[in-house]
There are 2 protein chains.
Amino acid sequence: MNAMSPGPVTLQDVANEAGVSLATASRAFNGSTRKVRQDLQERVLIAAAKLNYAANGPAQAMARGRTNVVGLIVHDIADPYFAAIAAGVMRAAEEAHLLVTLGSTMRRPERELDYLQVLRGQRSRAVILAGSRVDDPELLARLREECEAFERAGGRVVVISQQKLPLDTLVVENRSGAKALAQQLASLGYQRFAVLAGPARLLTARDRVQGIREGLAAVGLPAPVVLHGAFTRDGGHDAMSHLLESRAEVDCVVAVNDVMAVGAMAACRDAGLHLPRDVALAGFDDIATLRDVHPKLTTVRLPLERMGEIALELVTTASAGGAHRTRRIRGEVLIRESTPRHSAR
Amino acid sequence: MNAMSPGPVTLQDVANEAGVSLATASRAFNGSTRKVRQDLQERVLIAAAKLNYAANGPAQAMARGRTNVVGLIVHDIADPYFAAIAAGVMRAAEEAHLLVTLGSTMRRPERELDYLQVLRGQRSRAVILAGSRVDDPELLARLREECEAFERAGGRVVVISQQKLPLDTLVVENRSGAKALAQQLASLGYQRFAVLAGPARLLTARDRVQGIREGLAAVGLPAPVVLHGAFTRDGGHDAMSHLLESRAEVDCVVAVNDVMAVGAMAACRDAGLHLPRDVALAGFDDIATLRDVHPKLTTVRLPLERMGEIALELVTTASAGGAHRTRRIRGEVLIRESTPRHSAR
DNA sequence: TTGTACGCGTTATCAG
DNA sequence: CTGATAACGCGTACAA
């Protein structure tokens, strides 16, 4: 149109177009403490629209000392668990007029440190660390340092999973959820359990295994067979295959997440087994995309999208007195077709 | 540690610590055209590490006139189709040392315009528009304007789906893929088709319906029954329910994506139908998480993660002479258990 | 209420 | 090769 300047249109251009000063344009275009006369306000807005002005984010960030960006760090955005959390974060971020920078660590915990540092440099307002912590004291110490550096730089940090650091945290009650699941499965008549346990050092996986152990012990059942593997579909498939090869006497298999459970289902079919007749199977998370698998999977529902929303809400609200806040996220046991009532042989 | 300054540590702090000028610190810490003496280089790097310095992104963006951020705009990050594309984008972005700002439009096309404007303001280096275009000339015109504004501001735009704008585009060959699918299904013996068609104005859905129509026509079969609905699990479930209520004589149902197909499977089971005995079913996309549903779903595989990678590669490489580039993405028909060989009654 | 002028942290230009 | 300094675009004390 009438863009004489070579580069993008600046607030100065808008001010000129509206016939006001740069300061007035600034105050008019985004709410400032100071008030602007009605007619000037309108003139600025009209000029901005006419020139298709978009405020220069980096410049605003410089002047204000912070951005409207929050970082979201997940283990793997292709995993529906994290995709669901991300969806909740995005929904809440839209309402709060915040931009989300995504980090996907490909399940390498060290990558969290890199992202944290970069996001600190970007002057991100906050970071949401979604995803299980890992049992590694040295890594945890370095993570603590990075989080502290991030907070010193004026940012907030929210963690979703375990409370291992003095930060705002959504504590996912994996252990009690798994315990309740085990107890309900026991009450259905199952007695010999196996657990497809995920990686040994992943705390979410470990907590769930522990909960199952406790639940079985609480009702006087023997400890389960435990098989470790990746926290993925293939991990579930492989662990189940090993279990079948071992010819262990088992009537109920619990995978520590739904994605693994689906892999386990495939392994059972590969071996010619019929579910749930030959073996019962349960998962964890209640992944939306997997609610229609057949037989319908018994699982523990986690409010994943809501968790993302809550995390972003924590980010946008100040904590009283700088104390870190805790939100407990409880799972809900859903008994479905994959674990019918069982009569012990 | 020895941080005297109240706020975050700046490059000036690093320069002081290293006993060099600000300019030298700048040149040493990030590659510049000009060279820095080896020992000074090291002193700067050591000082930066000691102070845990993280370069101020917004300040760099101001000085350089652009950022290391690319925007990724999807319809719904919780949809595994987009989550897979996002995973590919993230992997390639990590290699290229680019940050990704995520936009999720919640399937409202107008939101793309908002994100585009904001990302332009953020001085994003580029934006990837993932997701089907919509049949709406006015919207398309506004989108074209926003994309042009974005490019005038120095950014690049890549589109994944249909080539509707003069931009770098990954053209997904939905029509030919669907046509090939229909023909292969016909060769298996199916004769009376229904299509769960998705929203009428969504071009991806429409192209796939059109391809199926062409495939059937090419082999002399009658046109399919077409039922529209949402591009989601519930959309597939509802459309299938309506189809069953209509008591139409159909031996093969094609859903225009896998997520809808899974919803349709659930609807069949709700109605007491057995798959694939009572009706055959096919989808589109080959969503990883759904590869283990039973019966295994016939579908058209799209290289979703690779598509994300390619999109980011287009973003990072300059196009010769400013001409826009096209990458054709072909689907691969995968016949699986949900559509066994069929003998017409 | 409006305008002027300075500062934010970094890069790039120009002297040395 | 190194150092001083002028941008970059915006927010905001301060002055009018």
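Each chain gets a letter, A, B and so on, in the order its sequence line appears, and its residues count up from 1.
Where B:A63 and B:D39 meet DNA chain D, the nucleotide closest to each residue was compared, and B:D39 sits on the side nearer the 5' end.
At distances below 3.5 Å, at least one donor-acceptor pair connects side-chain atoms of A:D168 with backbone N or O atoms of A:R325. The main-chain N or O of A:E313 is found under 3.5 Å from a side-chain atom of A:T317 such that the two form a donor-acceptor pair. Using modelled atom types, one side-chain atom of A:S124 and one backbone atom of A:L119 make a donor-acceptor pair closer than 3.5 Å.
When the P atom of D:dA6 is taken as reference, atom CG of B:L22 falls 14 Å away, rounded to whole Å. Taking atom OH of A:Y53 as the reference point, atom C1' of D:dC10 lies 7 Å away to the nearest angstrom. Rounded to whole angstrom, the span from the CD atom of A:Q12 across to the P atom of D:dG11 amounts to 13 Å. Atom CZ of A:F29 and atom P of D:dT12 are 15 Å apart (whole Å). What separates CZ of B:R64 from P of C:dC8 is a distance of 20 Å, to the nearest Å. As a whole-Å value, the separation of A:Q38 CD from C:dT2 C1' is 16 Å. The CZ-P distance, from B:R66 to C:dT10, rounds to 19 Å in whole Å. The nearest whole Å value for the distance from the CZ atom in B:R27 to the C1' atom in D:dT2 is 6 Å.
Across all strands, A:L40 comes closer than 4.0 Å only to sugar-phosphate atoms, never to a base (heavy-atom distances).
For the pair A:L129/A:V74, no side-chain contact is recorded, criterion being any heavy-atom separation below 4.5 Å from C-beta on. The shortest distance between side-chain heavy atoms of B:K164 and B:L143 does not fall below 4.5 Å.
Taking both residues in full, the closest heavy atoms of A:R125 and A:L98 are given as NE-CD1, 4.3 Å, listed atom of the first, atom of the second, then distance.
For B:T24 and D:dT2, the shortest distance from a side-chain N or O to OP1 or OP2 is not below 4.0 Å. The phosphate of C:dT11 has OP1 or OP2 within less than 4.0 Å of a side-chain N or O from B:N30.
In this structure, B:R152 is not positioned above the aromatic face of B:F150 in the sense of NZ or CZ being under 6.0 Å from the six-membered ring centre and within 45° of the axis.
Taking the side chain of B:S21 as heavy atoms from C-beta on, and the options D:dC10, C:dT10, D:dG3, the nearest nucleotide is D:dG3. Each of D:dC10, C:dT10, C:dT4 was ranked by its minimum atom distance to the side chain of A:N56; first place goes to D:dC10. Considering only the side chain of A:R37, C:dT2 comes nearest among D:dC10, C:dG9, C:dT2. The side chain of A:V20 approaches C:dG3 more closely than any other nucleotide in the set C:dC8, C:dG3, D:dC8. When distances are taken from the side chain of A:Q60 to each of C:dT1, D:dG11, D:dG3, the shortest belongs to D:dG11.
For C:dG9, the base has no donor-acceptor partner in the side chain of A:R123 [N/O atoms by modelled type, under 3.5 angstrom].
End-to-end axis angle of the helix from C:dT1-D:dA16 to C:dG16-D:dC1, from C1' rotation axes over five pairs per end: 40° (rounded to 10 degrees).
For CZ of B:R66, the number of neighbouring non-hydrogen atoms (other residues, nucleotides, ligands) closer than 6.0 Å is 12 at most.
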